[in-house]
> 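This is the structure, below, for whatever I ask next.
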2 protein chains.
Amino acid sequence: MIKIVLVDDHFMVRDGIRAILEDEEQYSVVGEASNGPEAIELVQSLSPDIVICDIRMPQMSGIEVVQKITALDNSVRTIMLSMHDSDEYILQSINAGAEGYLLKDAGKEEFLKAISVVSKGDKYFSGDVSSILVRSIKGSDSSNISAIDTNVAKKQSSKDLFELTKREAQILRLAVSGMTNKDIAQELNISKRTTEVHRFNLMKKMGVKNVLELNNKAREYGMIP
Amino acid sequence: MIKIVLVDDHFMVRDGIRAILEDEEQYSVVGEASNGPEAIELVQSLSPDIVICDIRMPQMSGIEVVQKITALDNSVRTIMLSMHDSDEYILQSINAGAEGYLLKDAGKEEFLKAISVVSKGDKYFSGDVSSILVRSIKGSDSSNISAIDTNVAKKQSSKDLFELTKREAQILRLAVSGMTNKDIAQELNISKRTTEVHRFNLMKKMGVKNVLELNNKAREYGMIP
DNA sequence: TCAAAAATAAGTATTAATACTTATTTTTTA
DNA sequence: TAAAAAATAAGTATTAATACTTATTTTTGA
């Protein structure tokens with residue numbers, strides 16, 4: 001179970017994010033803060049895995065919050081939420097120690113992907129943001145290019161979040177295309193019973209109870225085209 | 001069964017389109033032409049419902065072809081295929097009598113939606129194209145605005161293509177969300193047997209044999225969000 | 001090289017979906 | 001207001017999926 005703390009001065013935003021995460025079993029929103037000092041307190045008392053923090057808040061900015069959180073406990077991963085994709089903000093967030101930067105107009109799918117990528121220890125920056133990064137990195141020394149990956153390279157990590165094996169991922173793709181276990185067995189030259197086990201295991205790993213939920217979840221995480 | 005004639009000087013393009021349409025039971029590609037005169041002949045002998053025509057061809061341009069076809073038989077609906085979204089081409093196509101304008105880089109989904117919309121008597125213009133239309137209409141008199149609708153307003157007409165009833169469309173949405181017949185019955189306060197019948201009927205109408213194919217097809221046609 | 005992980009496959013039950021048909025009651029709408 | 005269309009629901013069978021467990025054989029990685 002991945003523990004998440006939400007930091008945003010708008011109740012509506014926190015509530016929206018909470019609603020999205022409530023449908024996902026592997027995540028649990030353990031706390032909410034509406035300002036910086038509260039957030040820092042919460043992180044100390046709850047030691048969450050991920051903090052999702054708005055960049056623009058009264059009193060203390062998200063940048064400062066992330067800076068302080070990272071200084072206190074650098075096992076906590078932070079994702080910045082922002083309205084804008086200005087170079088300034090993004091670079092400052094990275095320097096402060098943020099592992100992700102998401103525009104607020106990102107869809108649910110991208111949002112979940114960002115969390116899944118960051119929770120695996122990778123970094124996530126939404127589409128437009130990555131190009132800004134690339135631009136800024138081109139001017140500097142390239143020693144940290146491997147450390148800052150763009151989301152393009154992270155497509156396959158959603159598979160890892162659920163720890164699917166190669167065969168399971170393969171069967172997932174075939175199953176959501178509408179093939180029955182029998183069809184899949186024939187296609188892969190294995191027994192129907194084997195595909196049943198694979199399907200059972202992968203459904204358990206992904207926490208779904210029928211093929212359609214499997215399909216919907218796989219789509220949400222961008223695991224299928 | 002909706003009869004379609006393909007007109008394009010490239011064999012590969014015709015073949016690709018044919019392959020897409022072969023998976024769709026409600027359509028049948030009854031003829032192919034590689035140039036204008038051939039196309040006109042085919043339309044006269046086969047009287048198809050829809051002609052899909054490339055705009056740029058040697059000898060006779062797609063615009064001319066559509067013009068002549070419309071003059072001969074104005075029950076035939078035409079969709080223009082183009083590489084470019086230039087104002088010129090689009091406006092000329094509309095004047096020639098085309099009911100749709102599709103960029104060649106449109107995906108399968110958009111392609112199918114365009115055909116479904118046009119086959120119902122509506123007009124379809126792909127995203128970027130609509131803005132050009134709006135721009136050109138703004139300068140002229142607005143008497144023909146209602147005649148030229150953009151694809152945005154056409155979302156619901158795919159439901160009509162399969163002639164789904166209101167209840168069927170409702171059950172489609174619930175079914176693809178992962179709900180079982182029992183769940184749906186409870187939700188709608190009807191018997192499980194009733195939802196089974198609705199599901200059976202709607203699957204028959206859409207020509208699919210399980211929920212996942214139903215899901216995939218509904219997505220293809222933009223019937224579900 | 002050897003232990004751990006993955007892939008294979010069978011067993012046993014239960015539940016849900018698919019594939020129809022028939023038939024009554026409501027709604028629409030021409 | 002009568003006829004057509006839609007929604008309702010039951011019947012009967014068959015097939016497929018779901019929910020496990022156990023167990024053997026391959027692969028693979030440290």
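Every chain is numbered from 1, with letters handed out A, B, ... down the list of sequences.
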> If you compare all heavy atoms of Tyr27(A) against all heavy atoms of Ser119(A), which two are closest, and at what distance to 0.1 Å?
OH-OG, 4.5 Å
> Can you tell me the base-pairing partner of dT22(C)? Count Watson-Crick or G-U wobble geometry only, both distances below 3.5 Å, and say none if there is no partner.
dA9(D)
> Could you list the protein-to-nucleotides 17-24 of chain C atom pairs, N/O on both sides, closer than 3.5 Å?
from: dA17(C); atom 1: OP2; to: Asn181(B); atom 2: N; distance (Å): 3.1
from: dA17(C); atom 1: OP2; to: Asn181(B); atom 2: ND2; distance (Å): 3.4
from: dT18(C); atom 1: OP1; to: Val211(B); atom 2: N; distance (Å): 2.9
from: dT18(C); atom 1: OP2; to: Arg199(B); atom 2: NH1; distance (Å): 3.1

> Could you go over nucleotides 5-7 of chain C and give all protein N or O partners under 3.5 Å, atom names and distances?
from: dA7(C); atom 1: OP1; to: Arg167(A); atom 2: N; distance (Å): 3.0
from: dA7(C); atom 1: OP2; to: Thr165(A); atom 2: OG1; distance (Å): 2.2

> Applying the side-chain hydrogen bond (donor to acceptor under 3.5 Å, both in side chains) test to Asn181(A), which of Gln186(A), Arg193(A), His198(A), Arg199(A) qualifies?
Arg199(A)
> Where is the tightest heavy-atom contact between Ser28(B) and Met1(B), given as atom of each residue plus distance?
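Looking at all heavy atoms of both residues, the closest pair is CB-SD, 3.6 Å.
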> In chain order, what residues pass the side chain to side chain donor-acceptor pair (under 3.5 Å) check against Lys205(A), with sequence neighbours excluded?
Glu168(A)
> With Glu24(B), which of Arg18(B), Lys113(B), Lys217(B) fulfils salt bridge (Lys or Arg N to Asp or Glu O under 4.0 Å)?
Lys217(B)
> Nearest 0.5 Å please: distance from the CD1 atom of Ile52(B) over to the CE atom of Met80(B).
12.5 Å
> Compare every heavy atom of Leu46(A) with every heavy atom of Val30(A), then report the nearest pair and how far apart it is.
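Shortest heavy-atom separation between Val30(A) and Leu46(A) comes out as O-CD1, 3.7 Å.
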> Which pair of non-hydrogen atoms, one from Ser177(B) and one from Asn216(A), has the smallest distance, and what is that distance?
O-OD1, 3.6 Å
